[in-house]
Amino acid sequence: QVQLVESGGGLVQAGGSLRLSCVVSGGTFTTYAMAWFRQAPGKEREFVAVISATGGSSNYADSVKGRFTISRDNTKNTVYLQMNSLKPEDTAVFYCAARSIWTSKASRDYTRWGQGTQVTVSS
């Protein structure tokens, strides 16, 4: 019943920016910790960022700290990932994920996933 739909991916040059959005329908968005993961070809799914249900705290993978910002608007049932200073190694399919209440960095802890949106960073 809970559905997540990502958007905002695309092709950008190194150093550029993108903002991803994930709209959540069904369930109670305000009780969900929300996360972004990414997966590059031939690699395992990788944690990127997570934000608490209230938006009061967030955590990031070391590889994106200082460049990416996760945020949420609980009035719009939407979580965002602002990506700045993009690098070619950021190229991946980015996925939005949700779980009840508690934040986690482990993909196995998330049971609701979006379809993914492609981010490609050219050099």
Side-chain angles (χ1 to χ4, degrees):
Q1 189 174 39
V2 179
Q3 292 186 303
L4 289 68
V5 180
E6 302 100 329
S7 63
L11 173 64
V12 297
Q13 294 184 3
S17 298
L18 285 173
R19 188 181 73 162
L20 307 183
S21 299
C22 174
V23 179
V24 179
S25 60
T28 307
F29 179 73
T30 54
T31 69
Y32 302 151
M34 299 294 302
W36 290 95
F37 293 81
R38 65 187 181 188
Q39 189 165 24
K43 297 184 179 180
E44 295 184 352
R45 194 162 296 186
E46 175 190 31
F47 168 77
V48 176
V50 63
I51 189 166
S52 62
T54 64
S57 64
S58 58
N59 284 284
Y60 300 88
D62 288 343
S63 60
V64 307
K65 286 181 179 177
R67 299 189 298 122
F68 292 9
T69 302
I70 189 170
S71 62
R72 67 191 295 159
D73 186 342
N74 283 356
T75 70
K76 298 181 178 179
N77 287 5
T78 302
V79 63
Y80 305 95
L81 186 68
Q82 178 67 47
M83 304 185 295
N84 299 325
S85 301
L86 283 162
K87 305 174 181 179
E89 49 263 47
D90 294 319
T91 296
V93 177
F94 281 69
Y95 297 92
C96 178
R99 71 189 305 268
S100 293
I101 304 176
W102 310 117
T103 61
S104 174
K105 298 180 181 181
S107 62
R108 63 181 177 272
D109 290 338
Y110 292 82
T111 57
R112 297 290 185 177
W113 295 84
Q115 82 287 354
T117 186
Q118 177 70 48
V119 172
T120 303
V121 184
S122 65
S123 60

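For the pair Y110/V50, a side-chain contact is recorded, criterion being any heavy-atom separation below 4.5 Å from C-beta on. At least one side-chain heavy atom of R38 sits under 4.5 Å from a side-chain heavy atom of V64. The shortest side-chain heavy-atom distance between V24 and M34 falls under the 4.5 Å cut-off. Between T91 and Q118, the closest side-chain pair of non-hydrogen atoms falls below 4.5 Å.
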Using residues 94-103 as the side-chain source, report each donor-acceptor pair under 3.5 Å to any protein atom, sequence neighbours left out, with the distance given to one decimal.
unit_1, atom_1, unit_2, atom_2, d
R99, NE, D109, O, 3.0
R99, NH1, W102, O, 2.6

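In this structure, the side chain of R67 engages the main chain of S85 through a donor-acceptor pair within 3.5 Å. The backbone N or O of Q115 sits less than 3.5 Å from a side-chain atom of E6, completing a donor-acceptor pair. Checked by atom type and distance alone, the side chain of Q82 never pairs as donor or acceptor with a backbone atom of R19 at under 3.5 Å. Distance alone, capped at 3.5 Å, places no donor-acceptor pair between the Y60 side chain and the G66 backbone. With hydrogens and angles disregarded, a donor-acceptor distance shorter than 3.5 Å links the side chain of S52 to the backbone of S57.
Partners of N77 under the side chain to side chain donor-acceptor pair (under 3.5 Å) rule, at least two apart in sequence or in another chain, do not exist in this structure.
None of V93, L18, L20 except one satisfies the side chain to side chain contact (heavy atoms under 4.5 Å, CB included) rule with T117; the exception is L20.
The nearest pair of heavy atoms linking V12 to S17 is CG1-O, 3.9 Å. Taking both residues in full, the closest heavy atoms of F37 and R45 are given as CB-CG, 3.7 Å, listed atom of the first, atom of the second, then distance. Heavy atoms only, all atoms of each residue included: F29 and V79 are closest at CZ-N, 4.2 Å. A pairwise comparison of heavy atoms in A92 and A40 identifies CB-N, 3.8 Å as the closest pair. Between I51 and S71, the closest heavy-atom pair is CD1-CA, 3.7 Å. Taking both residues in full, the closest heavy atoms of E46 and S63 are given as OE2-OG, 4.0 Å, listed atom of the first, atom of the second, then distance.
The distance from the OG atom of S123 to the NZ atom of K87 is 14.0 Å, given to the nearest 0.5 Å. Summarising the geometry, atom CD1 belonging to I70 is positioned 9.5 Å from atom CG belonging to N59; distances are rounded to the nearest 0.5 Å.
Salt bridge annotation for D62-K65: present, with a cationic side-chain nitrogen under 4.0 angstrom from a carboxylate oxygen.
Clustering ILVMFWY residues whenever any of their side-chain heavy atoms sit less than 4.5 angstrom apart, transitively, puts L4 in the very cluster that holds V48. In terms of hydrophobic clustering, with Ile, Leu, Val, Met, Phe, Trp and Tyr side chains grouped at heavy-atom distances under 4.5 Å, Y80 and W36 are assigned to different clusters. If you chain together hydrophobic residues whose side chains sit under 4.5 Å apart, F47 and M83 never meet in one group.
Sorted by first and then second residue, the ring-ring contact (aromatic ring centres under 6.0 Å, His included) pairs involving residues 6-28 (not counting sequence neighbours) form an empty list.
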